[in-house]
Amino acid sequence: MTKLGIETEFVGGLRKTTDAVLDVVEMVLAGSINKQIVRRIQGTGARALGLSGVDGSLIQAQPVPNHAEVGFVGDVTFVESSIIHGVMDMGYMPVIAPVGVDASGQRYNINADTAAGAVASHMGVDRMIVVTDVPGIMTSAGGEKRVLPEVSIQQIEDMITSGEIYGGMIPKVRAAINCIHGDVQEVVIVDGSEPQVLSRVVHGETIGTRIVRV
Ligand SMILES: Nc1ncnc2c1ncn2[C@@H]1O[C@H](COP(=O)(O)OP(=O)(O)O)[C@@H](O)[C@H]1O
Ligand SMILES: CC(=O)N[C@@H](CCC(=O)OP(=O)(O)O)C(=O)O
């Protein structure tokens with residue numbers, strides 16, 4: 001953005017999105033970043049297929065409640081999960097860029113965690129794994145900083161209110177809460193720099209933070 005001379009700022013973890021910002025967001029998220037992820041997955045020998053939420057109206061969106069403040073940021077209204085199932089049935093891992101569209105063709109920038117949560121909910125998966133750059137939800141209650149192995153929805157709400165959960169962690173936990181209210185049984189937040197982190201979660205290792213219904 002800076003290189004292109006466009007200024008942006010974040011409000012509650014969401015990027016303020018003007019038309020000019022939307023152009024760059026779509027170009028980068030659905031273009032270069034999406035293809036980079038696809039190339040990396042293919043580099044491991046797996047098969048990947050990149051698409052954005054606009055393709056096939058995969059991610060349908062509406063303006064967020066605070067759109068007057070943040071602009072073209074979207075909440076997901078519907079996910080055409082049959083497209084994802086179709087891609088997976090063909091043996092490809094879908095890599096979905098978080099850009100949504102509404103019935104009039106308006107594009108929306110959607111936080112990646114919000115989009116992932118909506119995809120997980122609409123697909124009816126048992127578990128969503130959120131990969132980030134910290135070892136989980138951290139607390140400094142009791143003096144030193146530590147990872148919480150498990151948190152409830154109420155604890156999360158309290159931590160947002162107290163400011164202990166802030167910035168980019170907010171859309172992650174909000175997406176987790178939305179998932180848990182549906183069919184998804186648990187959401188696990190883990191550090192992507194941990195080796196083999198996805199298979200370790202799938203095999204039941206206690207790692208990161210589990211968000212459970214309770
Ligand atoms: N309680 C918390 N525990 C851990 N990280 C937190 C917490 N509250 C806020 N954060 C911040 O959330 C960040 C992760 O969100 P974000 O930067 O959006 O990650 P990503 O780019 O992986 O989506 C962490 O790097 C950290 O700065
Ligand atoms: C509305 C909004 O904030 N969209 C995000 C989409 C990408 C994203 O969410 O990336 P992270 O998961 O690394 O934060 C953005 O424009 O940065």
Side-chain angles (χ1 to χ4, degrees), residues 1-2 4 6-34 36-37 50 52-54 59 61-76 95-101 106-120 128-142 144-153 155-177 187-194 197-198 207-211:
M1 293 282 176
T2 314
L4 294 168
I6 299 169
E7 278 182 34
T8 53
E9 57 174 305
F10 285 83
V11 177
L14 301 175
R15 187 190 302 276
K16 278 195 179 183
T17 305
T18 60
D19 241 330
V21 171
L22 257 184
D23 279 343
V24 181
V25 161
E26 191 169 37
M27 191 163 68
V28 172
L29 296 184
S32 52
I33 295 275
N34 189 268
Q36 187 184 66
I37 296 170
S52 98
V54 173
I59 299 180
Q62 66 183 15
V64 288
N66 62 335
H67 61 92
E69 190 181 11
V70 295
F72 293 112
V73 176
D75 273 335
V76 180
V95 179
I96 303 166
V99 183
V101 67
Q106 173 64 50
R107 301 168 294 175
Y108 296 90
N109 180 12
I110 302 176
N111 175 271
D113 305 306
T114 308
V119 167
M128 174 165 83
I129 305 173
V130 179
V131 178
T132 186
D133 60 358
V134 282
I137 299 179
M138 317 280 289
T139 181
S140 42
E144 69 191 61
K145 254 190 154 190
R146 65 186 179 91
V147 181
L148 290 170
E150 192 169 302
V151 286
S152 66
I153 294 172
Q155 273 174 291
I156 288 174
E157 295 294 357
D158 294 346
M159 287 177 79
I160 294 176
T161 307
S162 72
E164 225 183 338
I165 289 179
Y166 57 89
M169 189 55 74
I170 293 177
K172 287 186 208 309
V173 294
R174 291 248 177 264
I177 291 172
V187 177
V188 190
I189 299 182
V190 293
D191 187 347
S193 66
E194 281 278 347
V197 74
L198 296 179
I207 184 167
T209 301
R210 285 178 71 228
I211 301 169

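Values reported hereafter were calculated over all heavy atoms of this structure, with side chains retained and with hydrogens, waters and symmetry mates removed. As the structure lists them, so they are numbered: ligands from 1, and atoms in each ligand from 1. Each residue takes its place number in the sequence, starting with 1.
With hydrogens left out, the protein atom closest to atom 15 (C) of ligand 2 is Arg15 NE, 3.4 Å, a heavy atom. Looking only at protein heavy atoms, the nearest one to atom 23 (O) of ligand 1 is Lys172 NZ, 2.5 Å. The single protein non-hydrogen atom nearest to atom 5 (C) of ligand 2 is Asn109 OD1, 3.7 Å, given as residue, atom name and distance. For atom 14 (O) of ligand 2, the closest non-hydrogen atom of the protein is Asn111 ND2, 4.2 Å. Regarding atom 25 (O) of ligand 1, its nearest protein heavy-atom neighbour is Asp133 OD1, 2.8 Å. Scanning all protein heavy atoms for the shortest distance to atom 9 (O) of ligand 2 gives Ala112 N, 2.8 Å. In terms of protein heavy-atom proximity, atom 5 (N) of ligand 1 is nearest to Met169 CE, 3.4 Å. Counting protein heavy atoms only, atom 9 (C) of ligand 1 is closest to Tyr166 O, 2.9 Å.
By the 3.5 Å distance cut-off applied to N or O atoms, Leu14 is not counted among the residues near ligand 2. Considering backbone and side-chain atoms alike, Met138 places an N or O below 3.5 Å from some N or O of ligand 1. Taking distance alone, with nitrogen or oxygen atoms compared against 3.5 Å, Lys172 stays at or beyond that limit from ligand 2. Considering backbone and side-chain atoms together, Thr17 places no N or O closer than 3.5 Å to any N or O of ligand 2.
Shortest non-hydrogen contact noted between Gly13 and Asn111 is O-ND2, 3.8 Å. The two residues Gln155 and Glu150 come nearest to each other via the heavy atoms OE1-O, 4.2 Å. Closest non-hydrogen pair, Asp75 versus Pro65, comes out as OD2-CD, 3.4 Å. The shortest non-hydrogen separation linking Leu29 to Asn109 is CD1-OD1, 4.4 Å. Nearest heavy atoms, Ala120 versus Met128: CB-SD, 3.9 Å. The two residues Gly208 and Val190 come nearest to each other via the heavy atoms CA-CG1, 4.2 Å.
Here Leu29 has side-chain heavy atoms under 4.0 Å from ligand 2, and that is the only part of it that gets that close. Counting heavy atoms closer than 4.0 Å to ligand 1, residue Glu164 contributes backbone atoms (N, CA, C, O) but none from C-beta onward. If you look at Val73 next to ligand 2, the close heavy atoms, those under 4.0 Å, all belong to the side chain.
Evaluated for a side chain to side chain contact (heavy atoms under 4.5 Å, CB included) with Phe72, the options Gln106, His67, Arg107, Arg15 yield exactly one hit, Gln106.
Atoms CZ and CD1, from Arg210 and Ile189 in turn, are 12.5 Å apart once rounded to the nearest 0.5 Å.
For ligand 2, the atoms closer than 4.0 angstrom to any heavy atom of Gly13 are 3 (O). Atoms of ligand 1 found under 4.0 Å from any heavy atom of Gly136 (numbered from 1 in listed order, with element): 3 (N), 4 (C). Atoms of ligand 1 lying under 4.0 Å from at least one heavy atom of Thr132, given by number and element, are 14 (C), 19 (O), 20 (P), 22 (O).
Counting heavy atoms from C-beta outward, Leu198 and Val131 have side chains that approach closer than 4.5 Å. The shortest distance between side-chain heavy atoms of Ile177 and Glu157 falls below 4.5 Å.
Under the 3.5 Å distance criterion, the side-chain polar atoms of Glu9 are left unmatched by any main-chain donor or acceptor of Lys16. Looking at Thr209, its side chain does come within 3.5 Å of a backbone N or O of Ile137 through a donor-acceptor pair. Between the side chain of Asn34 and the backbone N or O of Val95 there is at least one donor-acceptor pair closer than 3.5 Å.
At a distance under 4.0 Å, a protein heavy atom can be found next to atom 3 (O) of ligand 2. Protein heavy atoms are absent from the space less than 4.0 angstrom from atom 11 (P) of ligand 2. Distance screen at 4.0 Å: atom 21 (O) of ligand 1 has no protein heavy-atom neighbour inside the cut-off.
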Exercise for review: List the steps, then state whether side chain to side chain donor-acceptor pair (under 3.5 Å) holds for Glu26 with Ser52.
Suggested key: CA-CA 9 Å; Glu26 191 169 37; Ser52 98; 5.0 Å; no

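Not a single heavy atom of Ala115 lies less than 4.0 angstrom from ligand 2. Ligand 1 has no atom lying under 4.0 Å from any heavy atom of Pro135.
Heavy-atom proximity to atom 18 (O) of ligand 1, evaluated over Gly192, Ala116, Ala112, Gly168, is greatest for Gly168.
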